[in-house]
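Notes follow once the structure below has been shown.
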Amino acid sequence: MATATSIRKIPSLSGLHHRRNPLEENTFFHPSNSFYVTPSDVILSQVAYDFSADSQPRVAYHRAGPRQEIMYEPSAVKAAIVTCGGLCPGMNTVIRELVVGLWELYGVREIYGIPAGYRGFYSMEAIKLNPKLVHTWHKKGGTVLATSRGGFNLYKIVDAIQHNGFNQVYIIGGDGTMRGAVEIFKEVSRRKLEVGITGIPKTVDNDVGIIDRSFGFQTAVEMAQEAISAAHVEAESAVNGIGLVKLMGRSTGHIALHATLSSRDVDCCLIPEMEFYLEGKGGLFEFLEKRIKEHGHAVLVVAEGAGQEMIPRNESQKQEKDESGNAVFLDVGVWFKSVLKEWWEREHPGELFTVKYIDPTYMIRAVPANATDNLYCTLLAHSAIHGVMAGFTGFVSGPINGNYAYIPLEEVAQTKNEVNTSDHKWAWVRSVTNQPDFEKNFKGQTP
Ligand SMILES: Nc1ncnc2c1ncn2[C@@H]1O[C@H](COP(=O)(O)OP(=O)(O)OP(=O)(O)O)[C@@H](O)[C@H]1O
Ligand SMILES: O=P(O)(O)OC[C@H]1O[C@](O)(CO)[C@@H](O)[C@@H]1O
Ligand SMILES: [Mg+2]
């Protein structure tokens, strides 16, 4: 018996008229039979199944790509592009490819960049963009448009969209940005404006759900290797040396996990999704003691959000938030360095010991995207353009099981991609590092 498939619906703008896709006449494209994507082309959310136990309906998303008919007259399009939240390798590539794609694929000529994130809609002058201007942007780290946190004022933003006559809005940002984009989409719908709203997920932490991974993540993992290698060299070259590396990852440890798996120099990886403890049987100190005895050194990788609840802080530090409302963390690396020194001094007074702390922070995200991420950014931008031109709104483009799909914005905004410490990947980390199974040891600990 065939299993039913439930297809996630993408909202469409209703007041626009169908017209032929100008790609038909574009001299660079020769649309063949399979060139256009049809409404029945879908991507399954899950490709691995236990078919003996499979009775649930399968979830599918509409496949991204050009449609034979579009809903905008290209000369009537006025597009806005905005980047929000922290930096991520590839932001400039996405902007570049949105501009070049709109211009070259569809003949759009009115394309604007909103400076400095959401606040730029209502407090700054939009910048007119064209392919010549953005030609080399993919070679630069950061975002030429500038970004910011906070400043989300829904009514002022939608008033500005309306006042400027923008009818396509491309919003590049992370989980917070996507939640803001949902609000904008709802308010635009409430006002019955024919404005296509699309989100392009950006997060160096890889914490946005549904999609395979976020752009720039692989570049960041690659950059993290340099820090880990340096920590390894420093630790190896000392007597009883510890190399300590802090990597980005506010509430998810994907960067630390992937950097650990690809480096093989790491003895222990600590992430926010997993509690750990220092003292006693099965604790971190016992493990490090053994490693240093066996190898003479150890390398520790810590995601910035790991162990935050263990760091002493005063009342004002407990309350501190950034402009977007995200909790401000204390430096787990600085704390670790001091507790490691105290521990060694206590256990091995007078014996040589060195902790070299490396904090590459912004160096892993403030770089241009690598080749793989650049290609990914291009496909994301083009997928977004095809979807908006086809009249879809309130959606996000992204790869699912290697194929590009359109996903409802609200679903992406609600879903968080966390490291699952019960799955194969985390077990693999533990098998590579041989680090303690803190979660299991916790249970065995006497209170
Ligand atoms: N729940 C929300 N509703 C509306 N706007 C939001 C919400 N959360 C965050 N924003 C806005 O989205 C923008 C970006 O949010 P934030 O600083 O949290 O970064 P992000 O998009 O999560 O990216 P990253 O965390 O990867 O750097 C800010 O302008 C912020 O005000
Ligand atoms: O200092 P900023 O720009 O607020 O960004 C720091 C945060 O941004 C991220 O890179 C992405 O959320 C986090 O890993 C980090 O905590
Ligand atoms: Mg975020």
Side-chain angles (χ1 to χ4, degrees), residues 82-91 94 114-124 141-143 145-158 160 169 171-188 197 199-209 211 213-217 219-221 223-224 245-259 271-273 302-306 308 320-333 359-367 396 409-410 412-419:
V82 65
T83 52
C84 311
L87 295 186
C88 178
M91 286 167 101
V94 176
I114 306 298
Y118 277 136
R119 67 185 71 238
F121 271 108
Y122 56 84
S123 62
M124 289 180 204
T143 160
L145 295 180
T147 183
S148 69
R149 299 193 187 274
F152 185 84
N153 184 319
L154 179 62
Y155 300 114
K156 282 191 183 179
I157 292 169
V158 179
V169 181
I171 302 173
I172 305 163
D175 56 335
T177 306
M178 293 302 131
R179 287 192 283 277
V182 169
E183 298 303 314
I184 295 173
F185 162 65
K186 286 183 176 164
E187 180 59 19
V188 159
I197 306 286
I200 300 177
K202 162 238 59 105
T203 153
V204 77
D205 292 353
N206 197 27
D207 55 5
V208 171
I211 59 171
R213 62 168 198 285
S214 49
F215 73 77
F217 172 68
T219 305
V221 170
M223 291 302 293
V245 179
K246 183 186 78 175
L247 293 173
M248 281 194 168
R250 207 199 281 277
S251 59
T252 60
H254 296 283
I255 297 178
L257 183 161
H258 282 246
I271 57 171
E273 292 89 338
V302 192
E304 63 177 326
Q308 284 294 318
E320 211 185 337
K321 299 264 193 294
D322 71 12
E323 285 154 302
S324 292
N326 301 302
V328 172
F329 289 159
L330 294 183
D331 191 327
V332 66
D359 177 6
T361 55
Y362 300 109
M363 289 180 70
I364 69 166
R365 71 172 206 191
V367 290
V396 157
L409 190 47
E410 210 156 358
V412 173
Q414 283 164 1
T415 316
K416 188 169 178 189
N417 179 30
E418 288 183 318
V419 172

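In each ligand, atom 1 is the first atom listed, and ligand 1 is the first ligand listed. These numbers come from a predicted model, not from an experiment. If you read the sequence from its start, that first residue is 1, and numbering goes on from there.
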(request) Quick one: look up the protein heavy atom nearest atom 11 (C) of ligand 2 and list residue, atom name and how far away it is. (result) D205 OD2, 3.6 Å
(request) Answer with yes or no whether F329 contacts ligand 2, where contact means a heavy atom under 4.0 Å from a ligand atom. (result) no
(message) For atom 17 (O) of ligand 1, what is the closest protein heavy atom, and at what distance to 0.1 Å?
(response) S324 OG, 2.6 Å
(message) If I compare all heavy atoms of R149 with all of E323, which pair ends up nearest, and what's the gap?
(response) O-CB, 3.8 Å
(request) Between R250, R149, E304, flag the one that comes closest to atom 15 (C) of ligand 2 by a heavy atom. (result) E304
(message) If I take every N, O or S atom of D175, is at least one of them less than 2.8 Å from the Mg ion (ligand 3)?
(response) yes
(request) Indicate yes or no: does an N/O atom of G176 lie under 3.5 Å from an N/O atom of ligand 1? (result) yes
(message) For G249 versus P272, what's the shortest heavy-atom pair and its separation?
(response) O-CG, 3.9 Å
(message) Below 4.0 Å from ligand 2: does a non-hydrogen atom of V204 turn up there or not?
(response) yes
(message) Closer than 4.0 Å to some heavy atom of N326 - which atoms of ligand 1 meet that?
(response) 16 (P), 17 (O), 18 (O)
(request) May I ask you to check whether E183 has an N/O atom sitting below 3.5 Å from an N/O atom of ligand 1? (result) no
(request) Find all atoms of ligand 1 within a distance of less than 4.0 Å from any non-hydrogen atom belonging to R179, and give their numbers and elements. (result) 1 (N), 2 (C)
(request) Please confirm whether G174 comes within less than 3.5 Å of ligand 1 when only nitrogen or oxygen atoms on both sides are compared. (result) yes
(request) Output the distance between atom OG1 (T203) and atom CZ (R213), rounded to the nearest 0.5 Å. (result) 13.0 Å
(message) So, regarding Y362 and ligand 2 (criterion: nitrogen or oxygen to nitrogen or oxygen, under 3.5 Å), is there a contact or not?
(response) yes
(request) Give a yes/no verdict on whether any heavy atom in D175 is under 4.0 Å from an atom of ligand 1. (result) yes
(request) Looking only at non-hydrogen atoms, find the nearest pair between P360 and L247 and report the distance. (result) CG-CD2, 3.8 Å
(message) Ignoring hydrogens, what is the shortest heavy-atom contact between M91 and L87? Give both atom names and the distance.
(response) SD-CA, 3.8 Å
(message) If we check side-chain contact (heavy atoms from CB on, under 4.5 Å) with K202, which of these qualifies: T83, T147, I172, V94?
(response) I172
(message) Check contact between G150 and ligand 1, using heavy atoms of the residue and a distance below 4.0 angstrom.
(response) yes
(request) Could you tell me whether some N/O pair between G86 and ligand 1 is separated by less than 3.5 angstrom? (result) yes
(request) Heavy atoms only: give me the nearest I114-G120 pair and the separation to one decimal. (result) CG2-C, 3.4 Å
(request) Among all protein heavy atoms, pick out the one at the shortest distance from atom 3 (O) of ligand 2; state its residue, atom name and that distance to 0.1 Å. (result) R365 NH2, 2.9 Å
(request) Apply side chain to side chain contact (heavy atoms under 4.5 Å, CB included) to V188 and V158, showing your working. (result) CA-CA 7 Å; V188 159; V158 179; 4.0 Å; yes
(message) Can you name the atoms of ligand 2, numbered from 1 with element, that are less than 4.0 Å from a heavy atom of G249?
(response) 14 (O)
(message) Looking only at protein heavy atoms, which one is nearest to atom 21 (O) of ligand 1, and what is the separation?
(response) T177 OG1, 2.4 Å
(request) For the residue pair T252 and N206, establish whether any side-chain heavy-atom pair is separated by less than 4.5 Å. (result) no
(request) May I ask whether K202 has any heavy atom positioned less than 4.0 angstrom from an atom of ligand 1? (result) yes
(request) Please assess D175 against K416 for the test salt bridge (Lys or Arg N to Asp or Glu O under 4.0 Å), listing each intermediate value before the final yes or no. (result) CA-CA 8 Å; D175 56 335; K416 188 169 178 189; over 6 Å; no
(message) Counting neighbours of CE on M124 that are heavy atoms of other residues, nucleotides or ligands and sit closer than 6.0 Å, is the number greater than 12?
(response) yes
(message) If the cut-off is 4.0 Å to any non-hydrogen atom of M248, which atoms of ligand 2 fall inside it?
(response) 10 (O), 14 (O)
(message) Do D205 and H254 have side chains that approach each other closer than 4.5 Å (heavy atoms only, starting at C-beta)?
(response) no
(message) Distance check, rounded to the nearest 0.5 Å: I184 atom CD1 versus F121 atom CZ?
(response) 6.0 Å
(request) Could you tell me whether some N/O pair between R149 and ligand 1 is separated by less than 3.5 angstrom? (result) yes
